[in-house]
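Presented below is the structure to which this report refers.
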Protein chains: 2
Amino acid sequence: MNEKPVRSGNDAAAGERPRRRQARGERRIAQLLEAAASVFCSTGYTAASTNAIAREAGVSPGTLYQFFPNKEAIAIELGDRLVHEMRETYGEALAPVEPGTPLEEAVAAAVDRFIDFNCRHPVFFALMHGPDIPGRIAEEHDALHATLLSRVEVLLSRFMPDAAAGDVARTAQVCLSVYKAALELVLGHEGAEREAYVRELKDLLVRYLTPLTAARAGAPAGVPLRNTP
Amino acid sequence: MNEKPVRSGNDAAAGERPRRRQARGERRIAQLLEAAASVFCSTGYTAASTNAIAREAGVSPGTLYQFFPNKEAIAIELGDRLVHEMRETYGEALAPVEPGTPLEEAVAAAVDRFIDFNCRHPVFFALMHGPDIPGRIAEEHDALHATLLSRVEVLLSRFMPDAAAGDVARTAQVCLSVYKAALELVLGHEGAEREAYVRELKDLLVRYLTPLTAARAGAPAGVPLRNTP
DNA sequence: GGCAAACACGAGCAGTCACTCGCGTTTTCC
DNA sequence: GGAAAACGCGAGTGACTGCTCGTGTTTGCC
C-alpha cells in the first residue's frame, strides 16, 4: 500500500522501477484480472490470447501491457491473489482440530470449505490443474500442494498415530487427488446433483480413512486393515 | 487390411479417394504416429507442432501431410488405435463377472488391467484428459467414457441390486473419476511406490463400495449406509 | 525398360500470437 | 496554470504456426 513517492536518486536502481499507480490504474488492474479469470476459465491459459483478455476487459492491447509485462505475469498475479485467499481459507479449514473431533466431522468441515472456495473461484481449478500452465504458476501450485499435503498429514497422523510416515504421506496424496477428482464432478453439476456429489466425496473419504483409524479402538469389522510391509 | 485394388470407374466418386499405400507408406505412418505420441505426451496436443512431430519422426513437414490431412487427423488416428485396443482390454476387464465373484476380486481385476493398459500407453492419458484436445477427440473420449460408465453401472447393479438408478450412475461416475485421479498418481511413480498406489486405489474403491453392497447380507458395521432420498 | 503412382523434400504462404511504439488524454503535484 | 507522469490507444512487428506446392526420387506393375 503506502508506496513511497518517487525518490530522487532512486531512478535507475533496479531494472524495474516501481510505478506510482493511480486509483484509475488499480481499477484497470482489477478489471483486467477479472477479464483474464473469465477467459482463462473458459479457454485455458495457452489458448487465452492477451488481445482477447483486453477485449473482454474493454481496453486496448497496449493498455493491458501498461500494467502487466507479459501474459505470464497476468496469470501469476491472478494466482497470487487466489493463493493468498486460499491460504486464509484452508488455514481455517484444516488448522483447528479439537482432539476429540470425530473423523467424519473433520472431513466434512474441510471438504465444505474447500468446495465452497473452488465454487466461488472456478478459475483456480483451471489455473492450477491445467496442463499448459507456465513454469512459475506450476511452482506456486507445487508449493501450495506441498503445504496442503503436510497439513493433511498432520491431520491424518492425529487419527492414525501408529502408522509409518510413508504410509501417511501416501494416504494424504490419495486424499488430495481424490478431492481434486471429485471437485471436477462437483463443478460440473448444479444444485441438488452437486450436493449429492459433495456428500459422495465425504462418504468416500470417510470410508477410505475409517479402517486406518479403527486400529485405535477395537477394529469394527469391514475391510481388513492392510499395512504395507 | 485387404484393400481392393484401384477400381476402374471409382476414381472421382467421393471427395476422398483411397490412396494405394505402399509398405513404405505404412511404415512412415507408424513412424509418424509413434513420434506424435511422444510429442503429444511430453508437450500436450496444442503445444505440439506438426513440424516438431515431423522432425521427431525424421521426415519433412511435407511428408507428414502426405499421410495426414491435418494435425487433428494425427491425433484422431492415434486415438482410434488406442481406443480400439482399449475396447479389447476393458471388454475383458469388465465383462465376465461370475455371479459369486466377491467385490474385492472384481475391483482388483479391473484396476489391474486398466492400470496396465495406461502404463503401456501413457499417451492415452495425455490425449484423453488434456483440456486442449480438438472436438473430434473429445467426442471419442466422451463415447468411451459413456461406454465405460454403463459397464461399471452394470457391474455395480449386480452388487447393489436395490439401489436407485441415479445413485448407481453417480457411484459409477465417482468410481471412474477416482480411478482417473489415482492413475495420475500411479503414472507419476515407479516400482514399489507405484504398486503401493495401485493397492491404495483398490482399497479405496473396495471401501467405498463395500457399505453399498453390505445391504445384501446383514450390514457388517462400519460407516452406516447413507441413502440419498 | 518404362510409366504412373506413391513417396519425399523444404522453402514458403497465410494467419495468429505476444508484444511494441508513437502519440494523444487525463491525473497529480507544485 | 503548467509540467511531469500515469493512462490509453491501435496499427504494426517479428516469431511461430499449420499447411501447401513445385520438384525430384523410389516403387510397383506391364
Side-chain angles (χ1 to χ4, degrees), chain A residues 3-8 10-12 16-32 35-36 39-40 43-77 132-136, chain B residues 3-8 10-12 16-32 35-36 39-40 43-77 132-136:
Chain A
E3 289 190 9
K4 293 176 288 187
V6 172
R7 301 301 320 290
S8 57
N10 197 10
D11 299 333
E16 47 183 69
R17 54 280 173 90
R19 294 183 68 153
R20 281 270 307 278
R21 301 256 88 111
Q22 303 177 347
R24 187 174 29 148
E26 297 289 353
R27 249 180 287 128
R28 277 270 180 267
I29 290 179
Q31 203 176 125
L32 283 164
V39 177
F40 285 156
T43 71
Y45 175 77
T46 0
S49 81
T50 54
N51 293 20
I53 294 174
R55 205 180 315 121
E56 173 83 15
V59 303
S60 82
T63 298
L64 186 151
Y65 282 92
Q66 190 119 105
F67 301 102
F68 300 99
N70 52 47
K71 180 178 170 182
E72 186 175 351
I74 305 174
I76 297 210
E77 179 62 28
D132 52 358
I133 52 179
R136 184 61 201 290
Chain B
E3 288 190 8
K4 293 176 288 186
V6 172
R7 301 299 320 290
S8 57
N10 197 10
D11 298 334
E16 48 184 69
R17 56 279 172 92
R19 296 183 66 156
R20 281 269 307 279
R21 301 258 87 112
Q22 303 178 349
R24 190 175 26 149
E26 297 288 353
R27 248 180 287 128
R28 277 270 180 266
I29 289 180
Q31 202 176 124
L32 283 164
V39 177
F40 286 155
T43 70
Y45 175 78
T46 3
S49 80
T50 55
N51 291 20
I53 294 174
R55 204 180 317 121
E56 173 82 15
V59 302
S60 81
T63 298
L64 186 152
Y65 282 93
Q66 190 119 120
F67 301 101
F68 299 99
N70 52 48
K71 179 178 170 181
E72 185 176 351
I74 305 174
I76 298 218
E77 178 63 26
D132 51 359
I133 52 180
R136 183 61 202 290

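Letters A, B, ... mirror the listed sequences (proteins, then strands); counts begin at 1. FYI, side chains are in, hydrogens and waters are out, and symmetry mates aren't considered; it's all heavy atoms of this structure.
- The only option from T50(A), I74(A), V59(A) that meets the side chain to side chain contact (heavy atoms under 4.5 Å, CB included) definition with L32(A) turns out to be V59(A).
- Contact annotation: T50(B) side-chain N/O to dG18(D) OP1/OP2 distance is under 4.0 Å.
- Side-chain N/O atoms of R21(A) include none lying less than 4.0 angstrom from OP1 or OP2 on dA5(D).
- With rounding to the nearest 0.5 angstrom, the CD1 atom of I29(A) is 10.0 Å from the CD atom of Q66(A).
- Evaluation of the ring pair (Phe, Tyr, Trp, His ring centres under 6.0 Å) rule for Y45(A) yields F40(A) as partners, not counting sequence neighbours.
- With rounding to whole Å, R55(A) atom CZ is found 13 Å from dG10(D) atom P.
- Residues passing the side chain to side chain donor-acceptor pair (under 3.5 Å) test with Q31(B), sequence neighbours excluded: R28(B).
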Please list, for nucleotides 12-15 of chain C, all pairs of protein and nucleotide N/O atoms separated by less than 3.5 Å.
none

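- Rounded to whole Å, the distance from CD1 on I53(B) to P on dC19(D) is 10 Å.
- Spacing between atom CG of L64(A) and atom C1' of dA18(C) amounts to 10 Å, rounded to whole angstrom units.
- Between T63(A) and the phosphate of dC9(D), there is a side-chain N or O to OP1/OP2 separation shorter than 4.0 Å.
- With sequence neighbours left out, the side chain to side chain donor-acceptor pair (under 3.5 Å) criterion links N70(B) to no other residue.
- Looking at every heavy atom in both residues, A48(B) comes nearest to K71(B) through O-NZ, 2.8 Å.
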Quiz item: Step by step, would you call R27(B) with Q22(B) a side-chain contact (heavy atoms from CB on, under 4.5 Å)?
Solution: CA-CA 9 Å; R27(B) 248 180 287 128; Q22(B) 303 178 349; over 6 Å; no

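- Note: CD1 (I29(A)) to P (dC7(D)) measures 8 Å, nearest angstrom.
- Atom CD1 of I53(A) sits about 9.0 Å away from atom CZ of F68(A), to the nearest 0.5 Å.
- Backbone-only engagement by A48(B) is indicated by non-hydrogen atom pairs under 4.0 Å involving sugar-phosphate atoms exclusively.
- Between R28(A) and dG8(D), a side-chain N or O to OP1/OP2 separation shorter than 4.0 Å is present.
- Closest non-hydrogen pair, E72(A) versus G135(A), comes out as OE2-N, 4.4 Å.
- For L32(B) and dG18(D), the CG to C1' distance is 15 Å, given to the nearest whole Å.
- Rounded to the nearest 0.5 angstrom, L64(A) CG and R55(A) CZ are separated by 12.0 Å.
- Residue S60(B) places its side chain closer to dC9(C) than to any other of dC9(C), dC7(D), dA18(C).
- Here the nucleotide nearest the side chain of R19(A), chosen from dC7(C), dA6(D), dC9(C), is dA6(D).
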Could you go through nucleotides 21-30 of chain C and list every protein N or O atom that sits under 3.5 Å from one of its N or O atoms, giving the distance for each pair?
from    : atom 1 : to     : atom 2 : distance (Å)
dC29(C) : OP1    : R20(A) : NH2    : 2.9

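- A heavy atom lying under 4.0 Å from DNA chain D marks none of the residues of residues 68-76 of chain A.
- Note that the CZ atom of R19(A) and the CZ atom of R21(A) stand 5.0 Å from one another [nearest 0.5 Å].
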